[in-house]
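I have placed the structure first, in the form of structure tokens, so that the comments after it can refer back to it.
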Amino acid sequence: MLRFVLAGLGLLLLAGCAGEVAPTVEEPAMYLSMANGGAKLDPQAAASMISLYRHNNGLGPVVVDPALVALAEDQSMTMAKRNKLDHNVKAPLQQRLNAGGYPATLAVENVSAGYHTLAEAFSGWRDSPPHKANMLKSGVTKLGIAASYAPNTKYKVFWTLILASTEAR
């Protein structure tokens, strides 16, 4: 009888284990599609990716600067609202930095559209000589990045990456 009770308890324990749900694996931030209204870009993931790329090319890292993120968001939203991929859609970079009160001593910008993920945008920039040169700009230490979703446009997602320094030159 004791054997049957122990066997029954063992089966109950196994059944309890079978009912557990396996933990879900979260998609890496670099592969999260920005082509939906609820998507949130992770600027830290971008800083890590770009810093590693810079490190592999003998350059220092970049850190997320909230003021640059805000400026990048404004640029991406303006491009999305106007359905226009253009550095100067609102104003040239230096004018936008000045208007935002950002004390850049050095700044470069990449804009793009049509890429749905951070990984795609990064790859596109890396494979474009002028965009690559911006990501590998010597002296930049900060970054702001944004992606704006505009479902009724040709490109759907508009990207802005601003790399800058506020250090005296």
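- Scanning both residues, Asn110 and Met135, for their nearest heavy atoms gives ND2-CG, 3.8 Å.
- Rounded to the nearest 0.5 angstrom, His131 NE2 and Trp125 CH2 are separated by 8.0 Å.
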Item to check | Full working for side chain to side chain contact (heavy atoms under 4.5 Å, CB included) between Leu118 and Met49 | outcome: CA-CA 9 Å; Leu118 174 59; Met49 183 183 292; 4.2 Å; yes
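- Atom NZ of Lys137 and atom CG of Leu59 lie 11.0 Å apart (nearest 0.5 Å).
- Taken to the nearest 0.5 Å, the CH2 atom of Trp159 stands 10.0 Å off from the NE2 atom of His116.
- Between Ala147 and Val157 the shortest heavy-atom distance is CB-CG1, 4.0 Å.
- For Tyr149, the ring pair (Phe, Tyr, Trp, His ring centres under 6.0 Å) test picks out no residue, with sequence neighbours left out.
- Hydrophobic clustering (ILVMFWY, side-chain heavy atoms < 4.5 Å, transitive): Leu41 and Leu32 are in one cluster.
- Atom CG of residue Leu97 and atom CG of residue Leu71 lie 6.0 Å apart, to the nearest 0.5 angstrom.
- Taking each heavy atom of Val69 and Ile145 in turn, the nearest pair found is CG1-O, 3.9 Å.
- Taking each heavy atom of Ala164 and Leu68 in turn, the nearest pair found is CB-CD1, 3.9 Å.
- Residues Asn83 and Phe158 share a closest heavy-atom pair of OD1-CZ, 3.7 Å.
- A single hydrophobic cluster is seen to contain both Met34 and Val64, as judged by linkage of ILVMFWY side chains at heavy-atom distances under 4.5 Å, directly or through other members.
- A salt bridge is defined here as a Lys NZ or Arg NE, NH1 or NH2 lying under 4.0 Å from an Asp or Glu carboxylate O, and Asp74 with Arg96 fails to meet this definition.
- Using a 4.5 Å heavy-atom threshold, the side chains of Leu161 and Asn134 count as separate.
- Here ring-ring contact (aromatic ring centres under 6.0 Å, His included) pairs that include residues 47-77, with residues two or more places apart or in two chains, are Tyr53-Phe122.
- Listed by chain and number, the residues in a ring pair (Phe, Tyr, Trp, His ring centres under 6.0 Å) with Tyr102 amount to none (sequence neighbours excluded).
- Between the side chains of Ser165 and Lys142, no donor-acceptor pair of N or O atoms lies under 3.5 Å.
- Distance CZ/Arg54 to CG/Leu143: 10.0 Å, rounded to 0.5 Å.
- Thr105 is linked by a side-chain hydrogen bond (donor to acceptor under 3.5 Å, both in side chains) to nothing, counting only residues two or more places apart in sequence or in another chain.
- Partners of Asn36 under the side-chain hydrogen bond (donor to acceptor under 3.5 Å, both in side chains) rule, at least two apart in sequence or in another chain, do not exist in this structure.
- Using a 4.5 Å cut-off on side-chain heavy atoms (C-beta onward), Leu163 and Val62 make contact.
- Contact of the Gln44 side chain with the Ser48 side chain is registered, since non-hydrogen atoms from C-beta on lie closer than 4.5 Å.
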Checklist entry - Could you walk me through whether Glu109 and Gln75 pass the side chain to side chain contact (heavy atoms under 4.5 Å, CB included) check? => result CA-CA 10 Å; Glu109 177 181 65; Gln75 173 69 6; 3.9 Å; yes
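- Taking the salt bridge (Lys or Arg N to Asp or Glu O under 4.0 Å) definition, one finds that Asp86 meets it with Lys84, sequence neighbours left out.
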Item to check | Worked verdict on Val111 versus Met79 for side chain to side chain contact (heavy atoms under 4.5 Å, CB included) | outcome: CA-CA 9 Å; Val111 296; Met79 289 189 301; 4.0 Å; yes
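- Note: Thr160 OG1 to Met77 CE = 10.0 Å, rounded to the nearest 0.5 Å.
- Hydrophobic clustering of Ile, Leu, Val, Met, Phe, Trp and Tyr side chains at less than 4.5 Å, counting indirect connections, keeps Leu52 apart from Met30.
- Residue Leu106 is grouped with residue Ile50 when hydrophobic side chains (ILVMFWY) are merged at heavy-atom distances under 4.5 angstrom, including chains of intermediate members.
- Of all heavy-atom pairs between Ala80 and Thr153, the closest is O-CG2, 3.8 Å.
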